[in-house]
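Inspection log for the structure reproduced underneath, given as structure tokens.
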Amino acid sequence: MFPLRVRRVRVEKYMSFASLGLMPALLGSLQRLNYQQPTAVQQKAIAPILAGKDVLAAAQTGTGKTAAFTLPVLQLLLTQGEKVTSNGVRTLVLVPTRELAEQVHESIRTYLDELPLRTAVAYGGVSINPQMMQLRRGVDVLVATPGRLLDLYQQNAVRF
């Protein structure tokens with residue numbers, strides 16, 4: 001585990017997303033979203049994740065944590081590994097609430113723009129059938145809440 005303490009991190013004033021090793025396709029998405037410069041948590045997390053290290057980060061709301069972990073994961077999915085199979089999931093993002101699941105999923109979809117990865121979101125309080133149908137094709141990134149993930153697993157709708 002590569003612990004990360006963002007509160008005590010010195011932020012480089014002129015660091016760019018390109019200097020962190022992100023691929024041109026993701027850099028284009030960031031430019032389109034008008035992301036100017038990586039935040040402290042992004043500066044410290046992206047490169048180690050791209051290098052295959054585990055990162056544990058804690059930072060306040062609005063500091064860019066979602067981009068810090070999803071951008072390098074998306075790059076790794078785009079450049080490594082095999083295609084996803086039926087009911088398969090390559091990456092799981094586990095979140096505590098449906099609101100956060102929607103927020104994280106929307107961020108991932110925005111970063112991907114038109115890149116060839118499939119994403120899905122799964123949480124309770126809505127019909128499970130559309131979620132099962134989406135998983136049937138397999139997804140590269142599943143954002144889910146724990147309860148619905150267990151439901152999907154118990155119904156053999158998801159494989160890891």
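Only a predicted model underlies this, so the values are computations on that prediction, with no experimental measurement involved.
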Step by step, would you call L142 with V121 a side chain to side chain contact (heavy atoms under 4.5 Å, CB included)?
CA-CA 6 Å; L142 174 63; V121 62; 5.9 Å; no
Side chain to side chain contact (heavy atoms under 4.5 Å, CB included) between V141 and V93: does it pass, once the steps are laid out?
CA-CA 7 Å; V141 181; V93 179; 4.2 Å; yes
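- Between Y35 and Y111, the ring-plane angle classifies as perpendicular under the 30° and 60° cut-offs.
- Minimum interatomic distance between V143 and A101 (heavy atoms only, all atoms of both residues): CG1-O, 3.6 Å.
- In this structure R32 satisfies the salt bridge (charged side-chain N to carboxylate O under 4.0 Å, His left out) test together with D113, sequence neighbours excluded.
- K44 NZ to T39 OG1: the interatomic distance, rounded to the nearest 0.5 Å, is 12.0 Å.
- Rounding to the nearest 0.5 Å gives a distance of 13.0 Å between CG of L115 and CD1 of I108.
- Remark: N34 engages Q36 in a side chain to side chain donor-acceptor pair (under 3.5 Å) (not counting sequence neighbours).
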For residues 59-76, tabulate all N or O donor-acceptor pairs below 3.5 Å that involve a side-chain atom, not counting sequence neighbours.
residue : atom : partner : partner atom : Å
T63     : OG1  : Q60     : O            : 2.7
K65     : NZ   : A59     : O            : 3.0
K65     : NZ   : Q60     : O            : 3.0
T70     : OG1  : T66     : O            : 2.7
Q75     : OE1  : M23     : N            : 2.6
Q75     : NE2  : G21     : O            : 3.1

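- Linking Ile, Leu, Val, Met, Phe, Trp and Tyr residues whenever their side-chain heavy atoms come within less than 4.5 Å leaves L152 and V104 in two separate clusters.
- Among pairs with a residue in residues 130-158, those fulfilling salt bridge (Lys or Arg N to Asp or Glu O under 4.0 Å) read R90-D140, R148-D151, at least two apart in sequence or across chains.
- The main-chain N or O of G88 is never found under 3.5 Å from a side-chain atom of T85 such that the two would form a donor-acceptor pair.
- Not counting sequence neighbours, Q31 has no partner by the side-chain contact (heavy atoms from CB on, under 4.5 Å) test.
- Considering NZ of K53 and CD1 of I49, their distance stands at 11.5 Å, rounded to 0.5 Å.
- In this view, Q155 and I128, M132 satisfy the side-chain contact (heavy atoms from CB on, under 4.5 Å) rule, not counting sequence neighbours.
- Minimum interatomic distance between Q134 and A120 (heavy atoms only, all atoms of both residues): OE1-CB, 3.6 Å.
- Remark: A51 engages no residue in a side-chain contact (heavy atoms from CB on, under 4.5 Å) (not counting sequence neighbours).
- Under the 4.5 Å side-chain heavy-atom criterion for ILVMFWY residues, a single connected hydrophobic cluster contains both L33 and M15.
- Within the structure, side chain to side chain donor-acceptor pair (under 3.5 Å) pairs that include any residue of residues 99-108 comprise E102-Y123, H105-T119 (at least two apart or interchain).
- The two atoms that bring P116 and L78 nearest to each other are CD-CD2, 3.9 Å, heavy atoms only.
- Residues passing the side-chain contact (heavy atoms from CB on, under 4.5 Å) test with F160, sequence neighbours excluded: V89, L92, L149, Y153, V158.
- Hydrophobic clustering (side-chain heavy atoms under 4.5 Å, transitive across Ile, Leu, Val, Met, Phe, Trp, Tyr) keeps V84 apart from L94.
- Here the straight-line distance linking atom CG of L26 with atom CG of L20 works out to 12.0 Å at 0.5 Å rounding.
- Note that CZ of F17 and CG of L30 are 5.0 Å apart. Values are rounded to the nearest 0.5 Å.
- One finds the CD atom of Q43 at 6.0 Å from the CD atom of Q37 (value rounded to the nearest 0.5 Å).
- A donor-acceptor pair under 3.5 Å is formed between the side chain of N87 and the backbone N or O of A157.
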